[in-house]
Number of protein chains: 2
Amino acid sequence: MSTPKRSAHKPRRSYHHGNLRRALIDQALATIQAEGVDALTLRSIGARIGVSRSALYRHFADKRALLTAVATEGFAALRQKLVSAWEEGGRDEAAFRAMGAAYVHFAIENPSYYRVMFGGFVDQEARDPELAREAMAAFQALVDALASLQRDSILRSDDTVLMARYVWALVHGMAMLGIDGNLREPGAAEQLVHYAVERLHTGIAVDRTARTSRS
Amino acid sequence: MSTPKRSAHKPRRSYHHGNLRRALIDQALATIQAEGVDALTLRSIGARIGVSRSALYRHFADKRALLTAVATEGFAALRQKLVSAWEEGGRDEAAFRAMGAAYVHFAIENPSYYRVMFGGFVDQEARDPELAREAMAAFQALVDALASLQRDSILRSDDTVLMARYVWALVHGMAMLGIDGNLREPGAAEQLVHYAVERLHTGIAVDRTARTSRS
DNA sequence: ACCTGAACACCGTTCAAGT
DNA sequence: ACCTGAACACCGTTCAAGT
């Protein structure tokens, strides 16, 4: 009747869990990816790790703090994808397009993860400083790429942060449309990204007509 | 000790509530606007209307169905704002800009409302048909405006739905950035919308250089 | 037909107690 | 120092019973 939670031949290594904080974050992410953020309960997450449901409070202030930690790592993962698309792509226009595609694909492949990052589950007002730092770093990756393209006279010399916000809003919006199921037809997401990259470029590229039509 | 829930001089008009479904939606929206979607409980909403916490089940399948109804009305309200900005603006380019600003302002002024509409609280998969209809109608308002501008040769003659998705993603993304607190500096939202409208236009307007450089 | 109120199975969080 | 387990105050939902 009373089934033991741990098999006898592989007992818990010690009374103390090795790195419970790490295990909690990993298990939270796995649950979110597999079943969505609504299915994440402290009870289930504790059971899967083999720990009491209140053990979490030794490492996090509350459930929201755990989600904040997940979101923080999400921004770090996103940033890494963006940076490698940019750098491995050769830091040119094509690399920038790859960056945009990488962003949207990250969101569509990890919808629940993305929703934790942007869905308002974490502190919006006085954000967690670590979360704010990682989110800012991801944004900075975009700013750096734009600044580089501006230096090469490929993009307009507008305020870089303003331009970055414009681009971020666009990819973020496409990602949300994809997550919300508005791009369900096969190829719709790829088609939109492709179109957006073309129209975005025409929009923010240096205006080559200015040389002949003005001054 | 036992304080009565209703004052004696203004008794309940009847055992049956006049239009409980309407009252539930209104109260849910009011609570969402005032305290956010997390604060919305069936108990509190019932208490405010003066009805049992389980009375809701006579009119909605569950709590999610109530939120779906709120989201459905949200899309109707959004559509109305878009259409009046477009029509009262004179159905020209300036009117289209007003439409974009109206969209972002709707979201920023009603963040929790907007989050219910897009935050994944409602059915994403097999969406409620009424919700799908209203969401589609709001999107159609954008498609119609773009088609009109295409007819006037103000915009490129690209696939209108694809172009509409591009524009929708952009305004949706700006709205989400605003809601998530990334545009907190005073004027940041207005500045971004202004910049976006300019760059969007240059991106999707008919390419006037094509006439001289090609064919 | 419409609503109540007790009951049920959950949930996050707290805290004295264990190791 | 770290974790347990009972307790607490909630929550959405169900259902027999009331009007």
Side-chain angles (χ1 to χ4, degrees), chain A residues 2-6 11-28 31-32 35-71 112 116 119-123 128, chain B residues 2-6 11-28 31-32 35-71 112 116 119-123 128:
Chain A
S2 63
T3 53
K5 282 200 171 180
R6 308 190 147 269
R12 175 185 282 163
R13 292 200 312 277
S14 75
Y15 178 77
H16 296 69
H17 197 284
N19 192 345
L20 186 53
R21 185 189 149 86
R22 180 75 258 144
L24 284 166
I25 294 175
D26 289 343
Q27 188 55 247
T31 303
I32 288 167
E35 305 169 52
V37 67
D38 288 338
L40 187 78
T41 69
L42 299 190
R43 280 159 165 82
S44 73
I45 198 179
R48 281 171 213 206
I49 298 179
V51 101
S52 160
R53 54 182 167 274
S54 52
L56 167 138
Y57 291 91
R58 204 44 55 178
H59 301 277
F60 296 98
D62 51 20
K63 186 183 182 182
R64 166 175 284 202
L66 174 61
L67 285 175
T68 299
V70 171
S112 297
V116 172
F121 294 100
V122 300
D123 292 343
D128 179 79
Chain B
S2 64
T3 52
K5 283 202 170 176
R6 307 191 146 267
R12 175 186 284 164
R13 291 201 311 279
S14 76
Y15 178 75
H16 295 69
H17 196 284
N19 190 344
L20 185 53
R21 186 189 149 85
R22 180 74 260 143
L24 284 166
I25 294 175
D26 289 344
Q27 188 55 249
T31 304
I32 288 167
E35 304 168 54
V37 67
D38 287 340
L40 187 76
T41 69
L42 299 189
R43 280 157 164 82
S44 74
I45 197 178
R48 280 170 214 207
I49 298 178
V51 101
S52 161
R53 55 180 166 276
S54 53
L56 167 137
Y57 291 91
R58 201 48 52 180
H59 302 275
F60 296 97
D62 50 21
K63 185 183 182 181
R64 166 175 282 200
L66 174 61
L67 286 175
T68 299
V70 171
S112 296
V116 172
F121 294 101
V122 300
D123 292 342
D128 180 79

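Sequence lines set the chain letters: A, B, ... in the order given, protein chains first and strands last, and positions in each chain run from 1.
Among residues two or more places apart in sequence or in another chain, the salt bridge (Lys or Arg N to Asp or Glu O under 4.0 Å) test is passed with B/Asp62 by none. For A/Ser54, the side chain to side chain donor-acceptor pair (under 3.5 Å) test picks out A/Ser52, with sequence neighbours left out. The side chain to side chain contact (heavy atoms under 4.5 Å, CB included) search around B/Arg58 returns none, not counting sequence neighbours. Legend: residues meeting salt bridge (Lys or Arg N to Asp or Glu O under 4.0 Å) with B/Arg48, ordered by chain and number and at least two apart, are B/Glu35.
Look at CZ on A/Arg21: it is 16 Å from C1' on D/dC2, rounded to the nearest Å. Atom-to-atom, CG of A/Leu20 to P of D/dA1 comes out at 17 Å; the value is rounded to the nearest Å. Counting to the nearest Å, the C1' atom of D/dC2 and the CG atom of A/Leu56 are 13 Å from each other.
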Protein and nucleotides 8-12 of chain D: nitrogen or oxygen contacts under 3.5 angstrom:
| from | atom 1 | to | atom 2 | distance (Å) |
| --- | --- | --- | --- | --- |
| D/dG12 | OP1 | B/Leu42 | N | 3.3 |
| D/dG12 | OP1 | B/Lys63 | NZ | 2.9 |
| D/dG12 | OP2 | B/Leu42 | N | 3.1 |
| D/dG12 | N7 | B/Arg43 | NH1 | 2.5 |
| D/dG12 | O6 | B/Arg43 | NH2 | 3.1 |

Pair assignment for DNA chain D - dot-bracket with | for other-strand partners, Watson-Crick or G-U under 3.5 Å: ||.|||||...|||||.||

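Within the 4.0 Å cut-off from OP1 or OP2 of C/dC2, not a single side-chain nitrogen or oxygen of B/His59 is found.
Nearest approach of B/Leu67 to B/Leu40, heavy atoms of both residues: CD2-CD2, 3.7 Å.
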Intermediate values then yes/no, side-chain contact (heavy atoms from CB on, under 4.5 Å), B/Leu56 and B/Leu20: CA-CA 8 Å; B/Leu56 167 137; B/Leu20 185 53; over 6 Å; no

Full working for side-chain contact (heavy atoms from CB on, under 4.5 Å) between B/Val37 and B/Thr31: CA-CA 8 Å; B/Val37 67; B/Thr31 304; over 6 Å; no

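Among the nucleotides D/dG5, D/dC3, C/dT4, the one closest to the side chain of A/Arg58 is D/dC3.
For the atom pair OG1 (B/Thr41) and NZ (B/Lys63), the distance works out to 6.5 Å, reported to the nearest 0.5 Å.
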